[in-house]
Amino acid sequence: GGACAVFGAMHAVAARGLKANVVGVLVLAENAISAEACKPHEILKSYKGLTVQNMNTDFEGRLVLADAMTYCQKEYDVDELFTVATLTGSIIMALGCYAAGMFTTS
């Protein structure tokens, strides 16, 4: 998934000795099934301080990814921030296994 892609990219940056300040963050979530796991419609507070409601089975991964993005923005002086995630099964339905979906504001 996404964390493996980030790990591979960071390995390539290091192996090539690139003169760039690059930070890679591996974001991992376990979709557990138990009495302690996130439940539908549960409300939690994000790292940013926003309250969010679980409306989807990918909730844990999306919340952890959002928290990691907030952490990076707070801890590092970032010029660009990219995410690589395998959170959206509907992307595979729409594009297949040989293309990647991208959400952007530009």
Side-chain angles (χ1 to χ4, degrees):
C4 290
V6 171
F7 184 82
M10 295 307 294
H11 182 270
V13 167
R16 288 175 174 67
L18 297 181
K19 304 292 186 223
N21 186 15
V22 180
V23 175
V25 177
L26 305 182
V27 181
L28 307 169
E30 178 184 16
N31 290 331
I33 300 172
S34 74
E36 290 81 32
C38 288
K39 296 171 182 62
H41 307 289
E42 188 171 21
I43 297 174
L44 298 172
K45 185 179 276 191
S46 71
Y47 181 74
K48 190 173 185 176
L50 301 173
T51 53
V52 292
Q53 184 175 14
N54 176 9
M55 297 297 288
N56 188 286
T57 57
D58 287 332
F59 173 76
E60 297 94 337
R62 290 177 181 167
L63 180 58
V64 172
L65 179 58
D67 286 349
M69 292 171 65
T70 300
Y71 174 82
C72 288
Q73 291 169 337
K74 285 184 177 182
E75 296 295 320
Y76 301 99
D77 182 25
V78 296
D79 292 325
E80 302 288 338
L81 179 64
F82 299 91
T83 64
V84 183
T86 54
L87 297 173
T88 317
S90 57
I91 290 292
I92 293 173
M93 296 298 293
L95 302 177
C97 296
Y98 301 104
M102 178 180 237
F103 298 96
T104 179
T105 57
S106 60

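Note that these values count all heavy atoms, side chains included, but never hydrogens, waters or copies made by symmetry.
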Shortest non-hydrogen pair, His41 vs Met55, comes out as ND1-SD, 3.4 Å
Would Val27 end up clustered with Tyr76 when hydrophobic side chains under 4.5 Å apart are linked, directly or stepwise?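 Same hydrophobic cluster.
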Listed pairs under 3.5 Å, donor-acceptor, residues 64-72 side chains, sequence neighbours left out:
residue: Asp67; atom: OD1; partner: Tyr47; partner atom: N; Å: 2.8
residue: Thr70; atom: OG1; partner: Ala66; partner atom: O; Å: 3.1

Evaluate whether atom NZ of Lys45 has more than 12 neighbouring non-hydrogen atoms of other residues, nucleotides or ligands under 6.0 angstrom away. no
Give every donor-acceptor pair under 3.5 Å between a side-chain atom in residues 2-25 and any protein atom, sequence neighbours left out.
none

Less than 4.5 Å apart, side chain to side chain, heavy atoms only: is that true for Val52 and Ile43? no
